[in-house]
Amino acid sequence: MFRSLKLPPILGSLVCSALMLAACSGPSAPQQQGGNVPENNGFLNIYSARHYDSDQEIYDAFEERTGIRVRARESGAAQLLETMKAEGDASPADVILASDAGTLWRFEDAGLTQEVHSQVLDAAIPPHLRDPDGHWFGLAKRYRTIVYDKSAVDPSEVDEFMDLATDRFDDNICARSSSNIYNLSLMSEIIERYGSEAAADWAEGVVGNFAIDPAGGDTDQIRAVAAGACQVALANHYYWVRLATSGASSDREAADATALSFASAGDGAHVNVTAGAVAAHAPNREHAVAFLEFLASPEGQAMLVSQTKEYPVVAGVPLPEGLMKIPEDLKQSDLSLDVLGRNQVEAQQIYDRAGWP
Ligand code: FE
């Protein structure tokens, strides 16, 4: 029902009025806005695991530039994955958008993505931030960090993730569950950098240092550190930035009491991405590639990170309001992010054996 009719615009509109509007505009068809949208050049169906108001602005801007009508379906990544598996080759999905390279790997592993070779994407996005075969492309950067209590911890004590396994943090670590994709991806890099045995030792050490049982999301971990339940926790950088820029004073106080260490996961700060892929059976493949290229343009990049507080992957794009500059001398991991997927199964096994719920 999402498929483009590929009719000339005038004929298309005649057919639409003849068949009545409902037949031409499905439940998620975009509303006409302000007459800025050029003639209908077909459709693009996006399956997105993102949930930001700013994404609608991206879709509107893409429609205005191209005349391609965007239809977005937003849901959790796991649910989108199951939906696409059930739809099989009849899936209307053209583009998949989700956070974490480990998530995109799950779609790729299930045969739900396809290879894309685009000079525009290859030129804009550093090679380690995209799949080597073009199955997905990193579009915005995020860092998994150590959030720490500024009054109790010196930054030098948390400049590596390995620090968390030492006696220094006995009874002082908060964490979320190990099956969370951010924790799996972090472990995937630790396995790659240090080897399986050291990674298992690390997991055991961290579990032994838990102050409380793992629960909640990243924001809960930051709040727990601020409240004194533990001295350190794991959190993606943007959760802290959102608290620091929040309108609620309690959020800003939680950020004030804490700080982030862009800790090394073995060879620099642990980098991950929000990424996009072209679906394996995309009915509108060219539109899908055009959309990813739009997201990799300076304009698309700025819109993509404005609300999420991620970092643009394209050099020279201004940072969104409130996002801290990464120090020039910070060593950042240049691990090829497909490793995060390839080590994912082992990462979960290691956590399970260590007793990290
Ligand atoms: Fe997140």
Side-chain angles (χ1 to χ4, degrees), residues 46-56 58 72-81 96-107 129 136-147 161 174-189 214-226 232-246 248 251 254-255 258 260-263 265 269-277 295 301 303-313 319-324 326 332-333 337 340-341 344 347-348 351:
I46 298 173
Y47 278 24
S48 175
R50 284 165 54 102
H51 313 281
Y52 298 98
D53 295 341
S54 52
D55 284 358
Q56 188 58 49
I58 296 175
R73 173 180 196 148
E74 291 185 355
S75 189
Q79 201 182 331
L80 290 177
L81 183 67
I96 303 160
L97 281 182
S99 64
D100 207 293
T103 302
L104 272 294
W105 174 82
R106 290 175 177 175
F107 284 89
L129 301 181
W136 47 263
F137 296 84
L139 298 165
K141 270 201 292 188
R142 62 253 311 282
Y143 298 84
R144 192 132 190 85
T145 70
I146 299 174
V147 56
F161 286 98
C174 289
R176 69 190 295 176
S177 74
S178 70
S179 60
N180 168 259
I181 192 67
Y182 306 151
N183 282 345
L184 288 172
S185 286
L186 174 62
M187 175 57 88
S188 291
E189 175 156 18
D218 280 18
T219 303
D220 299 305
Q221 312 311 317
I222 300 169
R223 292 192 202 284
V225 172
V232 291
L234 302 174
N236 284 358
H237 80 274
Y238 50 87
Y239 292 105
W240 186 90
V241 174
R242 289 178 204 168
L243 290 176
T245 57
S246 165
D251 289 346
T258 57
L260 299 184
S261 168
F262 288 76
H270 176 68
V271 178
N272 209 320
V273 286
T274 284
L295 292 180
Q301 285 279 291
M303 286 194 281
L304 198 63
V305 301
S306 65
Q307 207 175 351
T308 67
K309 309 301 183 191
E310 294 170 285
Y311 289 88
V313 294
L319 297 185
E321 202 184 331
L323 184 59
M324 69 284 266
I326 298 281
Q332 302 191 38
S333 174
L337 294 189
L340 304 188
Q344 193 175 106
Q348 187 66 70
Y351 280 136

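All figures in this text were calculated on a predicted structure; none of them were measured in a lab. All ligand and atom numbering here is 1-based and tracks the order in the structure.
- Between the side chains of W240 and T258, a donor-acceptor pair is found at a separation under 3.5 Å.
- Here the side chain of Q221 pairs a donor or acceptor atom with the backbone of A175 at under 3.5 angstrom.
- Ring pair Y182/Y239 is tilted by interplanar angle, where 30° to 60° counts as tilted.
- Protein atoms that are N, O or S and lie under 2.8 Å from the Fe ion (ligand 1) are these: Y182 OH, Y238 OH, Y239 OH.
- The salt bridge (charged side-chain N to carboxylate O under 4.0 Å, His left out) test applied to D218 returns R144, R176, not counting sequence neighbours.
- If you check the side chains of Y238 and N236, you find a donor sitting under 3.5 Å from an acceptor.
- Here the side chain of K309 pairs a donor or acceptor atom with the backbone of E321 at under 3.5 angstrom.
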